[in-house]
2 protein chains.
Amino acid sequence: MNNSPNLYEPCPKHYVALDNIIFGFDEKELKILLIKRSFEPEKGNWSLMGGFLKDEEGVDEAATRVLYELTGLRNVFVEQLHTYGAIHRDPVARTVSVAYYALIRVNDYDTELGKKYGARWFPIHNYPSLIFDHPQMVQDALDRLRSKTRTQPIGFELLPEKFTIPQLRHLYEAIHNQVYDPRNFSRKLNSMKLLIQLHEKDKENSKKGAYLYKFDPNRYKMLLSQGFSFEL
Amino acid sequence: MNNSPNLYEPCPKHYVALDNIIFGFDEKELKILLIKRSFEPEKGNWSLMGGFLKDEEGVDEAATRVLYELTGLRNVFVEQLHTYGAIHRDPVARTVSVAYYALIRVNDYDTELGKKYGARWFPIHNYPSLIFDHPQMVQDALDRLRSKTRTQPIGFELLPEKFTIPQLRHLYEAIHNQVYDPRNFSRKLNSMKLLIQLHEKDKENSKKGAYLYKFDPNRYKMLLSQGFSFEL
DNA sequence: GCCAATAAACGTCATAATGACATTTATTTT
DNA sequence: AAAATAAATGTCATTATGACGTTTATTGGC
């Protein structure tokens with residue numbers, strides 16, 4: 001970017017940071033990926049994965065980059081959450097942080113890369129105290145995830161490509177912290193006709209085995225155009 | 001703010017702007033308040049009301065300030081919408097803009113103050129072309145308003161304190177661009193018991209006159225705590 | 001003073017969606 | 001062959017929804 005004078009010159013500039021709330025689902029629990037901060041202040045304390053906005057990248061790109069640096073993942077669900085701009089939110093210097101949340105499949109995640117940052121998964125209901133306003137960010141992200149999964153089929157981003165109805169139900173139970181009646185839950189899903197039933201079963205969790213399904217994004221688009229609205 | 005060196009020093013700083021999408025409701029139409037840009041580039045073209053983030057204010061405060069400068073209003077509904085950070089979104093200089101949307105009562109709005117900025121109300125379905133990425137911001141704000149009014153009782157912020165059921169229905173029709181059956185609409189509202197019926201009628205729009213109501217925020221809080229969820 | 005015009009208020013019925021609940025089925029392990 | 005496990009499925013009563021027409025209160029014109 002050029003640094004020639006411009007008519008915004010009298011206005012102050014600010015550090016702009018990105019922070020990512022990274023959700024995963026494992027062992028019937030909703031989890032977030034946290035890192036150990038490697039510099040002062042708050043060195044050694046738990047933190048969201050973040051970084052600073054560079055001149056040559058857009059804000060969305062920057063968030064994606066930061067996510068990639070930690071997880072090695074691209075093309076995952078990432079959405080802007082909120083921008084945090086209280087004056088003293090960061091004690092080092094006045095910084096505006098744009099937070100994003102990401103939904104990833106824990107098995108796709110690059111564990112080796114994570115080690116570099118001292119990354120660890122924590123259950124959403126049992127994570128350590130976090131620096132700055134990161135607890136607020138996590139809470140807001142969880143709220144968003146809850147409201148968004150009710151009306152948009154994004155939960156699938158947290159499951160393997162092939163999943164069972166009971167797995168999906170457990171995911172929703174973890175996200176919304178409530179139990180769903182198995183019969184009513186699968187009735188609702190079947191009625192939406194968004195899932196393709198495969199001719200395979202998953203026998204990890206039961207002797208009988210549960211049918212595997214795939215989410216059908218094309219069908220979803222088609223239904224959307226007909227005025228369908230997802231709701232769970 | 002002090003300018004002493006800190007460990008973020010190597011990171012680039014950026015201009016941070018605020019933009020407000022200001023909604024109003026008048027003559028059965030949803031409207032937005034736009035101003036005429038007073039400097040180059042794009043001087044004389046229509047724009048959202050915006051400003052730059054100062055060192056001594058939080059981002060939310062800054063948005064509130066900018067809104068106040070144009071409308072003279074405080075204590076109105078304002079909510080952060082989204083942060084726009086594409087590199088070249090502003091041709092003058094790289095600027096990250098945090099957009100907010102506000103819901104105001106058009107009669108409370110200070111017309112004199114507006115003149116200073118060349119402000120004018122435009123129907124949401126018929127406004128002039130806007131600078132930069134402001135059209136995207138307006139579209140996003142409208143989408144947000146639509147989804148938010150479905151599940152939260154914020155529409156009242158656009159009506160006078162006392163309003164009639166038909167007025168409220170017209171508001172929803174304007175926001176969602178569809179017609180609602182008057183009987184079903186008022187049945188739904190009555191069933192929620194969120195409105196206090198007053199012993200006055202509004203005779204502006206009919207010979208019979210329509211009862212005036214007030215939204216009851218305390219009752220809403222009470223119901224919320226009992227697991228009630230608003231939906232229209 | 002009566003009639004016409006206006007928009008508000010209100011009720012019913014058929015259909016669809018929801019929530020609550022128990023049994024049967026396929027398979028593996030002992 | 002029996003026990004254990006979790007998956008799959010059906011019914012019924014209740015509630016919410018969408019579609020529809022008539023009556024009511026009031027004003028203004030004749």
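Proteins get letters first, then strands, A, B, ... in listed order; numbering begins at 1 in each. Both backbone and side-chain heavy atoms feed into the values below; hydrogens, waters and symmetry mates do not.
With rounding to whole Å, B/His170 atom NE2 is found 11 Å from C/dA8 atom C1'. At whole-Å resolution of the value, NZ in B/Lys188 and C1' in C/dA17 are 13 Å apart. Atoms CG (A/Leu212) and C1' (D/dA7) sit 13 Å apart, rounded to a whole Å. Straight-line distance from the OH atom of B/Tyr211 to the P atom of C/dA8: 14 Å, rounded to whole Å. Whole-Å rounding puts the B/Glu231 CD to D/dT17 C1' distance at 12 Å. One interatomic measurement links the two molecules: CD of B/Glu204 to C1' of C/dA7, which rounds to 14 Å at whole-angstrom precision. Atoms NZ (B/Lys28) and P (C/dA7) sit 7 Å apart, rounded to a whole Å. For the pair B/Asp202 CG and C/dT6 C1', the computed distance is 14 Å after rounding to whole Å.
To the nearest 0.5 angstrom, A/Phe23 atom CZ is 8.5 Å from A/Leu158 atom CG. With rounding to the nearest 0.5 Å, the separation of CG in A/Asp216 from CG in A/Leu195 is 8.5 Å. Taking CG of A/Asn126 as the reference point, atom CD of A/Glu29 lies at 8.0 Å (rounded to 0.5 Å). Taking CZ of B/Phe25 as the reference point, atom CD1 of B/Ile124 lies at 13.0 Å (rounded to 0.5 Å). Distance check: A/Arg120 CZ to A/Trp46 CH2 gives 5.5 Å after rounding to the nearest 0.5 Å.
Near DNA chain D, defined here as any heavy-atom distance below 4.0 Å, there are no residues from residues 191-200 of chain B. Interface residues of residues 175-187 of chain B facing DNA chain D, ordered by number: B/Asp181, B/Arg183, B/Asn184, B/Arg187; criterion, heavy-atom separation under 4.0 Å.
Side-chain atoms of B/Glu69 do not come within 3.5 Å of backbone N or O of B/Val66 as any donor-acceptor pair. Put simply, the side chain of A/Gln139 never gets that close to the backbone of A/Gln136: no donor and acceptor are under 3.5 Å apart.
Between A/Asp19 and A/Ser97, the side chains place a donor N or O and an acceptor N or O closer than 3.5 Å (distance only, hydrogens not considered).
Between B/Met137 and B/Tyr101 the shortest side-chain heavy-atom distance does not fall below 4.5 Å.
The side chain to side chain contact (heavy atoms under 4.5 Å, CB included) test with A/Leu33 is passed by exactly one of A/Ile21, A/Leu67, A/Leu70, A/Asn20: A/Leu70.
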> Which letters describe nucleotides 22-30 of chain D, given B = protein heavy atom under 4.0 Å from base, S = only from sugar-phosphate, - = neither?
Replying inline: --BBBB---
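With B/Tyr68 as the aromatic partner, B/Arg74 meets the cation-pi criteria of under 6.0 angstrom to the ring centre and within 45 degrees of the ring axis.
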